[in-house]
J.: 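First the structure, then my questions, so here it is.
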Number of protein chains: 2
Amino acid sequence: MSLNADGAPRRRRGKELENALLDAAWAELTERGYDEFAIDRVATRAGTSRAVLYRRWPGKQDLVRAAVEHNTGEGPAIAPDTGSLRGDVVALLRQTNERRRTLVTVLMTRLGGFYRASGTTLADLAEAGAGDSIMHEVLDRAIERGEVEPGQVSDRIMQLPLHLFRYEALMTLRPVPEQAIEEIVDTIFLPLVHGNR
Amino acid sequence: MSLNADGAPRRRRGKELENALLDAAWAELTERGYDEFAIDRVATRAGTSRAVLYRRWPGKQDLVRAAVEHNTGEGPAIAPDTGSLRGDVVALLRQTNERRRTLVTVLMTRLGGFYRASGTTLADLAEAGAGDSIMHEVLDRAIERGEVEPGQVSDRIMQLPLHLFRYEALMTLRPVPEQAIEEIVDTIFLPLVHGNR
DNA sequence: TATTTGAGATACAGACTGTATCTTATACCA
DNA sequence: TGGTATAAGATACAGTCTGTATCTCAAATA
């Protein structure tokens, strides 16, 4: 039970209490991760009892969700206007970097335990699925055939098709449609490799 | 306890038992998801007791990891050799599509509960961080300025910088370095938009 | 056949969940 | 200002799951 400075019992209500609860939940989430997140501990941390939490959120996932929303809502992003396309896009990415908190924190809380436990990262798992070295092999053969000039293709461009493919697979959690595969290769990868010949 | 056809008690050992355990774990994982995954239930499903599981894996996460590896290991991917760069890359992506199981299943088991609970997908979260519509706005202004010809930039290319950025952020769970941002914009996005002028 | 290994059963303490019930501080209203 | 309604906070309960420990006995090995 929370006490006043003079030791009298004190009862928070409404928004004040709710904020304290969500802040405590958020702290637990970021400190211990989703796997070890317990309503019990949130209540203790907030200096109240579990009943108060259950009165507001039916279960763990609802509370987690509320805590994430409460602590990451930052309003919509604003389109930068620097006067040039390059400047705008660079500014947009920089801005996203700062606002990245939302997504990354959610992912960390969800994946953190698994990462720690397995010593694996998302990138390792992707790597295991289709090693980036394979693109090296493919490119080397293209160079041998004279399709591509040696040293012309940066690492980032070389990995581009796989990265875009995986991004799409991750976002949709579905097989990537054939049409998307061909679009990636024909309108993005090959033009970059061949310098729009 | 497992029984023989004639009702005599029967004890599996070694690989036979281990496969049964991992199959049971996998079934629990795919049917109920990571959140509800319980060693208890795996043991029951495999027709044995928890002690047998704890003898092999120290805890839940280790068992989950082993089950994922056991049920998705398909050996290393083979570099396709179709005789052209385009053919090779398309084949590689198609092949990855079929092998995608590993990554997607791991993610589903990790994120599935959250998705169900929140009604949010990874794409929604990404979208909330920096709406794709912003790139539209940026591009529109570039067209007004005469930097870009109208109708020249496909949706996929328009979203390319954000997608590559997010892919990198997701994989590393770190801020994307300034140098990577500029590389994405200067060596990939702008060349595609301007047709390598 | 004797010995070793480890499967399978069971019991335990502890943590956490979700529900229910009680007292009482606080807000609101007559 | 005093009475009443609301909900905070405490507590108790049954149930599930965890991780550990201990026991018996089936099966592999020598």
Side-chain angles (χ1 to χ4, degrees), chain A residues 1-25 27-29 31-67 109 113-114 116-117, chain B residues 1-25 27-29 31-67 109 113-114 116-117:
Chain A
M1 164 106 75
S2 304
L3 298 181
N4 269 332
D6 48 337
R10 135 136 236 277
R11 239 170 232 196
R12 295 159 299 183
R13 294 192 155 223
K15 273 291 158 214
E16 184 196 355
L17 177 59
E18 188 154 323
N19 286 340
L21 298 176
L22 290 174
D23 287 347
E28 285 294 319
L29 207 48
E31 280 173 28
R32 315 188 63 125
Y34 182 84
D35 272 15
E36 287 171 46
F37 183 87
I39 292 184
D40 237 357
R41 235 178 275 115
V42 175
T44 306
R45 180 166 204 144
T48 183
S49 66
R50 275 176 310 125
V52 178
L53 288 157
Y54 279 108
R55 246 171 236 138
R56 288 178 164 74
W57 301 282
K60 171 173 166 167
Q61 293 182 328
D62 308 86
L63 175 54
V64 167
R65 190 191 168 195
T109 56
F114 191 75
R116 275 194 299 279
Chain B
M1 163 107 73
S2 304
L3 298 180
N4 268 332
D6 49 336
R10 132 138 239 278
R11 241 170 231 198
R12 295 158 298 182
R13 294 191 155 228
K15 272 291 157 214
E16 184 196 356
L17 177 60
E18 188 153 324
N19 287 339
L21 298 175
L22 290 174
D23 287 346
E28 284 294 322
L29 207 48
E31 281 174 27
R32 315 187 64 125
Y34 180 84
D35 272 15
E36 287 172 45
F37 183 88
I39 292 184
D40 238 357
R41 236 177 275 116
V42 174
T44 306
R45 180 166 203 146
T48 182
S49 66
R50 274 176 310 127
V52 177
L53 287 158
Y54 279 109
R55 246 170 238 140
R56 289 179 163 76
W57 301 282
K60 170 174 167 167
Q61 294 183 327
D62 307 86
L63 175 55
V64 167
R65 190 190 169 195
T109 56
F114 191 77
R116 274 194 301 279

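The chains referred to below are lettered A, B, ... by the order of the sequence lines, with proteins before strands, and numbering in each begins at 1.
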J.: Taking atom P of D:dA28 as reference, at what distance in whole Å does atom CD of B:Glu16 sit?
T.: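 For the pair B:Glu16 CD and D:dA28 P, the rounded distance is 9 Å.
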J.: For a quick test of reading the model, state the closest non-hydrogen atom pair linking A:Ile39 to A:Lys60 and the distance between them.
T.: CD1-N, 3.7 Å
J.: Write down the atom of B:Leu21, the atom of B:Trp57, and the distance for their closest heavy-atom approach.
T.: CD1-CZ3, 4.0 Å
J.: Can you find a pair of side-chain heavy atoms, one from A:Leu63 and one from A:Leu22, that are under 4.5 Å apart?
T.: yes
J.: Tell me whether the OP1 or OP2 atom of D:dA8 has a side-chain N or O from A:Thr48 closer than 4.0 Å.
T.: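 Indeed not, no polar side-chain atom of A:Thr48 lies that close.
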J.: Report the distance from atom CG of B:Leu53 to atom P of C:dG6, rounded to the nearest whole Å.
T.: 16 Å
J.: Please report the distance, rounded to the nearest Å, between CD in A:Gln61 and C1' in C:dC16.
T.: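 A:Gln61 atom CD is separated from C:dC16 atom C1' by 15 Å.
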J.: For nucleotides 11-21 of chain D, give me one character per nucleotide, 5' to 3': B if any protein heavy atom sits under 4.0 Å from the base, S if the only such contacts are to the sugar-phosphate, - if neither.
T.: -B----SBBBB
J.: Rounded to whole angstroms, how far apart are CD on B:Glu18 and C1' on C:dA7?
T.: 14 Å
J.: Look at the side chain of A:Arg55 and the base of D:dA8, then say whether one donor and one acceptor between them are separated by less than 3.5 Å.
T.: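 A donor-acceptor contact between them is present.
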J.: Take the protein atom CG of B:Asn19 and the nucleotide atom P of C:dA7, then report the distance between them rounded to whole Å.
T.: 13 Å
J.: In terms of side-chain geometry, is the basic nitrogen of B:Glu31 or B:Arg45 positioned less than 4.0 Å from the acidic oxygen of its partner?
T.: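 Salt bridge present between B:Glu31 and B:Arg45.
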J.: Are A:Arg56 and A:Leu17 packed together at the side-chain level, in the sense that at least one heavy-atom pair is separated by less than 4.5 angstrom?
T.: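 With C-beta onward as the side chain, the pair touches.
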J.: Does a side-chain N or O from A:Arg13 land closer than 4.0 Å to OP1 or OP2 of C:dA27, or not?
T.: no
J.: To the nearest 0.5 Å, what is the distance between CZ on B:Arg41 and CZ on B:Arg32?
T.: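 B:Arg41 CZ to B:Arg32 CZ: 4.0 Å, rounded to 0.5 Å.
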